[in-house]
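Hydrogens, waters and symmetry mates are skipped; everything else that's a heavy atom, side chains included, is used.
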Amino acid sequence: MTAPVLALDRLGVRLPPGADRSHALQDVSLAIAAGEILCVVGESGSGKSMTANAVMRLLPVGVAIDGGQVRFDGRDLASLPEAEMRRVRGAGIAMIFQEPMTALNPLRTIGDQIGEMFGIHTGLGRAAVHERVQALLEEVRIPDPVRAARAYPHELSGGQRQRAMIAMALALDPKVLIADEPTTALDVTTQAQILALIRDLQRRKGTAVLFITHDFGVVAEIADRVAVMQHGRVVEEGPAAEVLERPRHPYTRQLIAAVPPLKAPPPRPLSDEPILAIAHLSKTYRTGGFLGRGARVTHAVRDVSLVLPRGGTLGIVGESGSGKSTLARCIVRLVDPDQGSVRLEGTDLATLPRAAMRGQTRHIQMVFQDPFGSLNPRRRAGELVAQGPIVHGMPRAQAMARARELFALVGLDPASADRYPHEFSGGQRQRIGLARALALEPRVLVADEPVSALDVSVQAQVLALLADLRLRLGLSIVFITHDLRVAAQICDLVAVMKDGEVVEHGPAGAVFERPRHAYTKALLESIPGREFGGLAQAPA
């Protein structure tokens, strides 16, 4: 490797007193050359993001570098005065954050926020800054860059916001670009576009890229070299092909083994009896406008008809905006459909009065995408699980005993029922969400992106748990996801949605191995690292 542009030498980061361990990072040594992409992988808590924040000197209060060096441009950033470090950020080393909606100021336009980089670090005039902003937005291929510059963050899609973050990071032609999980929450097609964009910009500009991810498909797609982190230490490092194909460390082998293959398992026998039948379901949203002027009409769900066999799993896949989550909410009546029927064992939920619908909720429950957002932070986890049975008439003592049984069922310590949601990890919170949904012994479970934000090994555990519960409890599942690997493994049937419509529907194996619709083919072709780990190559 040529001389590194950024080098970490035995870097240590100390945690505040009272943390579960003394250090977030210990003896971390990494180096990146110009024009190289180094992927840092590992589970939540492994130290990936802390490494990036240490390089940028953006550590939380009470967390500090207590050993080692961060060498950049002949200087040790770990000991640089804050005033000089501010000149390095953005100009020398730039960062793309995981969640652009959080990182961008909601009260300022995209153009203003990108232009601020030039205002702080250069003496360019307003006209020159405007030209540079437009050029950057064109470079990152945002549609209609003039409109995008005038837009506020909430007016752009997730992929467009991520592109705006990339434009901001590239504004001053930094030597090092740090990308912290920049594609985690994106659809496969948007993810593929962002990866191609980063790779293209890195090649053209010779930028060194530190790419943080837990997705081995992304690693296979983009990495030149890979560093695997566990508990704040680098446990394996080497060329991407060597680490992915011949991993040496047991932890690396464990992570790779947890990546779900794209090839669907042999089909299970399914019941001929439908437990849930959706017929001609539609939902349209109308927003904005004064006296009808400028109103927006969104056909979120259009004439959808699907059947879920008893004991089966129906996957709903597609990009953001395809109508998946709206369909899920219509099924459980969190949203009232405009027309159509949702028949649960013959009862049409779509037309039930609210009082009657409350009685039916015990038979159909939902697991939400964000377990932390869906759990009341002021109530103990056991109380949250017991709440449903209590509302439906079960004595409190019996409901709390049932909650502890459910904790054991989903793989949690029953004694942890007295803890609050923030005291659990993301994977554990998702298990609490599952326990809460199962408390009423539902016949149908609607799971909306239940594993999209989880590490690959935790994801594998939750998927195995769902498959086990389906067999043991006779559950029927509607599984909403944009991760086609996950859908291939857990779903018996798959429906592909685009612009509110189902464009393809059939057994999982047939949809993934012999896709008919052009949109399904485009989704499959966009999956990063499709051939990694023996992933099935779907025909075009």
task: Say whether, by atom type as modelled, one donor and one acceptor occur between the side chain of Q191 and the main chain of I527 under 3.5 angstrom.
output: no
- line: CD1 (I194) and CE (M165) are apart, to the nearest 0.5 Å, by 11.0 Å
From SG (C491) to CZ (F512), nearest 0.5 Å: 7.0 Å
- prompt: What pairs of residues pass the side chain to side chain donor-acceptor pair (under 3.5 Å) test when at least one of them lies in residues 162-179, not counting sequence neighbours?
  reply: D73-K175, R163-Q193, D173-K205
- prompt: Is there any side chain to side chain donor-acceptor pair (under 3.5 Å) pair reaching into residues 110-134, and which pairs are they, with sequence neighbours excluded?
  reply: R108-E116, T109-D112
message: For L30 and E237: C-alpha separation, side-chain torsions, deciding distance, then whether side-chain contact (heavy atoms from CB on, under 4.5 Å) applies.
response: CA-CA 9 Å; L30 296 170; E237 183 186 1; 4.2 Å; yes
query: Taking only residues two or more places apart in sequence or in another chain, which ones pass salt bridge (charged side-chain N to carboxylate O under 4.0 Å, His left out) with D448?
result: R329
field: Carboxylate-amine/guanidinium contact E155 R161, below 4.0 Å
entry: no
- request: Decide yes or no on side-chain contact (heavy atoms from CB on, under 4.5 Å) for F479 and I490, but give the supporting numbers first.
  value: CA-CA 9 Å; F479 194 93; I490 196 168; 4.2 Å; yes
task: Walk me through it: do R404 and D418 pass the test salt bridge (charged side-chain N to carboxylate O under 4.0 Å, His left out)?
output: CA-CA 10 Å; R404 286 178 168 80; D418 292 328; 3.2 Å; yes
query: Is there side-chain contact between H482 and V317, with at least one heavy-atom pair below 4.5 Å?
result: no
message: If I compare all heavy atoms of A52 with all of I178, which pair ends up nearest, and what's the gap?
response: CB-CG2, 3.6 Å
- request: Indicate yes or no: at least one non-hydrogen side-chain atom of V410 is less than 4.5 angstrom from one of I432.
  value: no
task: Identify, with sequence neighbours excluded, every residue that meets side chain to side chain contact (heavy atoms under 4.5 Å, CB included) alongside M85.
output: R57, L77, L80, E82, V88, R89
- line: In this structure, CG of L177 is separated from OG1 of T207 (nearest 0.5 Å) by 6.5 Å
message: Is any side-chain heavy atom of S22 closer than 4.5 Å to one of R14?
response: no
message: Surrounding CZ of R378 (heavy atoms of other residues, nucleotides or ligands, distance under 6.0 Å), is the total greater than 12?
response: no
- prompt: V219 versus C39: any side-chain heavy-atom pair under 4.5 Å?
  reply: yes
- prompt: What do the steps show when you test R436 against L406 for side-chain contact (heavy atoms from CB on, under 4.5 Å), and what is the final call?
  reply: CA-CA 8 Å; R436 181 175 63 176; L406 287 165; over 6 Å; no
query: Which heavy atom in F407 sits nearest to a heavy atom in P414, and how many Å separate them?
result: CB-CA, 4.0 Å
message: So P528 and V218, do their side chains get closer than 4.5 Å, heavy atoms only?
response: yes
Would you list the atom pairs, donor with acceptor, under 3.5 Å between side chains in residues 249-256 and any protein atom, with sequence neighbours excluded?
from	atom 1	to	atom 2	distance (Å)
H249	ND1	Y251	N	3.0
Y251	OH	E43	N	3.1
Y251	OH	E43	OE1	3.0
T252	OG1	E236	OE1	2.8
R253	NH1	P247	O	3.4
R253	NH1	R248	O	2.5

message: Quick check: do L463 and P450 have side-chain heavy atoms less than 4.5 Å from each other?
response: no
- prompt: With sequence neighbours left out, what residues match S29 under side chain to side chain contact (heavy atoms under 4.5 Å, CB included)?
  reply: D9, R10
- request: Not counting sequence neighbours, which residues clear salt bridge (charged side-chain N to carboxylate O under 4.0 Å, His left out) with R203? List them please.
  value: none
field: Set of residues satisfying side chain to side chain donor-acceptor pair (under 3.5 Å) with respect to R233, sequence neighbours excluded
entry: Q26
field: Inter-residue atom distance L136.CG - L170.CG, 0.5 Å rounding
entry: 7.0 Å
- line: Sorted by chain and residue number, the side chain to side chain donor-acceptor pair (under 3.5 Å) partners of N105 (sequence neighbours excluded) come out as none
field: Closest non-hydrogen atom pair between S416 and F424, with its separation
entry: O-CZ, 3.2 Å
message: Would you compute the distance between atom CD1 of I65 and atom CG of D76 and round it to the nearest 0.5 angstrom?
response: 8.0 Å
Whether K324 side chain and G318 backbone form a donor-acceptor pair below 3.5 Å: yes
side-chain contact (heavy atoms from CB on, under 4.5 Å) between R485 and D215, intermediate numbers included: CA-CA 12 Å; R485 288 195 184 100; D215 187 332; 4.2 Å; yes
statement: Tightest non-hydrogen contact, residues L524 and V511, listed as CD1-O, 4.0 Å
statement: Sorted by chain and number, sequence neighbours left out, side chain to side chain donor-acceptor pair (under 3.5 Å) with T313 holds for R470
- prompt: Is a side-chain donor or acceptor of E513 paired with a backbone partner of K263 at a separation under 3.5 angstrom?
  reply: no
Option among V63, N53, V28 that satisfies the side chain to side chain contact (heavy atoms under 4.5 Å, CB included) test with V13: V63
- prompt: Regarding R199 and Q202, is there a side-chain donor-to-acceptor distance under 3.5 Å anywhere?
  reply: yes
- prompt: Can you name the side chain to side chain donor-acceptor pair (under 3.5 Å) partners of R71, sequence neighbours left out?
  reply: none
message: How long is the straight-line distance from CD1 of I96 back to CD of E181, given to the nearest 0.5 Å?
response: 12.5 Å
message: Can you list everything that forms a salt bridge (charged side-chain N to carboxylate O under 4.0 Å, His left out) with R75? Sequence neighbours excluded, please.
response: E84
- request: Taking the side chain as every heavy atom from C-beta outward, state whether L6 and V70 have any atom pair closer than 4.5 Å.
  value: yes
field: Check: T213 and K48 side chains under 4.5 Å, non-hydrogen atoms
entry: no
message: Would R379 pass as a cation-pi partner of Y420, given that its NZ or CZ must be under 6.0 Å from the six-membered ring centre and within 45 degrees of the axis?
response: no
message: Looking at every heavy atom in both V41 and F216, which two are closest together, and how far apart are they?
response: CG2-CZ, 3.9 Å
query: Closest heavy-atom contact between L375 and R429?
result: CD1-O, 4.0 Å
Flag, side chain of R225 to backbone of P239, donor-acceptor distance under 3.5 Å: no
